[in-house]
There are 2 protein chains.
Amino acid sequence: MSHGSTQHEVLAVVFQVRDLDAGKPALNVLLWQRAMSPERGKWSLPGGRLADDEDLTTSVRRQLAEKVDLREVAHLEQLAVFAEPSRVPGSRVIATTFLGLVPSPATPALPADTRWHPVGDLPPMAFDHRPMVDDAHARLVAKLSYTNIGFGLAPGEFALSQLRDIYSAALGYPVDATNLQRVLARRGVISPTGTTAHPGPTGGRPAKLYRFTESRYRVTDEFAALRPPGTSSGFLDLS
Amino acid sequence: MSHGSTQHEVLAVVFQVRDLDAGKPALNVLLWQRAMSPERGKWSLPGGRLADDEDLTTSVRRQLAEKVDLREVAHLEQLAVFAEPSRVPGSRVIATTFLGLVPSPATPALPADTRWHPVGDLPPMAFDHRPMVDDAHARLVAKLSYTNIGFGLAPGEFALSQLRDIYSAALGYPVDATNLQRVLARRGVISPTGTTAHPGPTGGRPAKLYRFTESRYRVTDEFAALRPPGTSSGFLDLS
DNA sequence: ACATGTTTTCGATTATAAGTCGAAAACCTC
DNA sequence: GAGGTTTTCGACTTATAATCGAAAACATGT
């Protein structure tokens, strides 16, 4: 059995809900178009080789800053390892994927070769990056319902209608604001700031502003069923 | 920035509920005692270096068969990557952990240096293997409630009281059999075989036997809240 | 055969959480 | 102040889970 040199790379699936105020808000991924062979012209995830003394998270942060000039990542989380021996041509490269979230109203400047793409309309992608995006999206959808991970997509303060739009875009189906408010409030995920937003040009009742109680990842409802008695819907910290 | 040679290893956290019939059933992990430096005498997870042309899952299966002579793994699932540069002495090794499950009544023969250890009473462990076990346990506990992963811990056919004991041991708190039956039956996770067990020596009503409907990993209840309307508790395949 | 003890199963009830809907509140412009 | 707009809140319905106790189905011993 041989153990040759195996390289390791990190790849980030960075999501943001875009066009929140404008037309239809949609969940987007940050992609980068390859200028060189192999897979020239196809789009790939930001990332790259892990340096010798680097931790994985450090490496992702560095590469996002260096390669796509992105520093506004509110949440970063390890996802999965992709290690099929021939997933990329040439010598073997094992990839660890990360989920990254950028809050919504921000519009960070990007280099010329990087662009946001709606997850519902992805361009041809390089290597195995497409299944990576699909996996990350599935994880995001799942975690929105039982964690406070929404803080990574929402601004610091927000109206409930904005949060509904963000959740709708990220989940891919309509979300009821009343229900969202009650569920998130009960779990202590969001709390009112006490202030209200200015009504828009067309009027309307001014919206109460909310914030996420914590901006650290937390599990809020790991168990729908089979919960130990008397521990209904509390906070379970397993970060 | 330098990119030296980095090795990659796979490590398996294999769980089994032991002493099901005897005294108190408890969740155990399979560990292996190191005979050589470093960390001599401490217990470590089974696993080892990834071969050049090997996929991760293949590698885990191979190493479990070779090193601890274990072939009865009913479920194997990738968990996380541990990559701190100095997690092991010497040149850098990146580890991918796996969750493995062995059905309950089986008592596979083991080499002399490997042994089952109750998760509630773990011996001193080598390197960063202890946090790996804790992480895997947390994941198992979580997944028992919203997937059919229990098939990996239960025998092919079982009475509900046995399944209750298995879930209790794995979850770490008492589980009500009535509730377990109703929840798992509604989700279609278990189904009656039509046969009944022989009553024990002390008598008692003979138990209906059940089996897990599928022995492939499935998510059964990803969403307690925020579910799209009309999609209550169906099967979501994301294997 | 029948009473007694044991284990499992099942139904009835309660508790908790989520989904739906419509009315009222609070702002705008004209 | 009338009409339009948006948000908020309460009331009701539905879905799911937890609890509990009675009944079923076996064994053993007399």
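Here is the naming used below: chain letters follow the sequence lines, and residue numbers restart at 1 for every chain.
Partners of Q181(B) by side chain to side chain donor-acceptor pair (under 3.5 Å), not counting sequence neighbours, listed by chain and number: Y210(B). Residues that satisfy the side chain to side chain donor-acceptor pair (under 3.5 Å) test with T96(B), not counting sequence neighbours, are H8(B). When the side chain to side chain donor-acceptor pair (under 3.5 Å) test is applied to R139(A), no partner is found at least two apart in sequence or on another chain. For E157(A), the salt bridge (Lys or Arg N to Asp or Glu O under 4.0 Å) partners two or more places apart in sequence, or in a different chain, are R211(A). By the side chain to side chain donor-acceptor pair (under 3.5 Å) test, S59(A) pairs with E54(A), Q63(A), sequence neighbours left out. The salt bridge (Lys or Arg N to Asp or Glu O under 4.0 Å) search around D55(B) returns none, not counting sequence neighbours.
Look at CZ on R186(B): it is 8 Å from C1' on dA17(D), rounded to the nearest Å. Rounded to whole angstrom, the span from the NE2 atom of H198(A) across to the C1' atom of dA26(C) amounts to 15 Å. Look at CG on L163(A): it is 13 Å from P on dT7(D), rounded to the nearest Å. Summarising the geometry, the separation between CG on L209(A) and P on dT7(D) is reported as 12 Å, rounded to the nearest angstrom. Protein atom OH of Y210(A) is 12 Å distant from nucleotide atom P of dT7(D), rounded to whole Å. For D165(A) and dT7(D), the CG to P distance is 9 Å, given to the nearest whole Å. Rounded to an integer number of Å, the gap from OH of Y167(B) to P of dA18(D) is 13 Å. Here the C1' atom of nucleotide dC9(D) and the CD atom of Q181(A) are 9 Å apart, to the nearest Å.
Along DNA chain C, the nucleotide closest to R164(B) and the one closest to D176(A) are compared, and the more 5′ of them pairs with R164(B). Remark on DNA chain D: of its neighbouring residues T178(A) and T178(B), the 5'-side contact belongs to T178(A), judged by nearest-heavy-atom nucleotide.
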Set out, line by line, the N/O atom pairs under 3.5 Å between protein and nucleotides 27-30 of chain C.
from    : atom 1 : to      : atom 2 : distance (Å)
dC27(C) : O2     : G204(A) : N      : 3.0

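Of the charged side-chain nitrogens involved, none lies within less than 4.0 Å of a carboxylate oxygen, so that D113(B) and R115(B) do not count as a salt-bridged pair.
Within a heavy-atom distance below 4.0 Å of DNA chain D, no residue of residues 150-158 of chain B is found.
For residues 180-206 of chain B, no pair satisfies ring-ring contact (aromatic ring centres under 6.0 Å, His included), with sequence neighbours left out.
Between R182(A) and dA17(C), a side-chain N or O to OP1/OP2 separation shorter than 4.0 Å is absent. The phosphate of dA25(D) (OP1 or OP2) has no side-chain N or O of K208(B) nearer than 4.0 angstrom.
Closest non-hydrogen pair, N148(A) versus E214(A), comes out as ND2-O, 3.5 Å.
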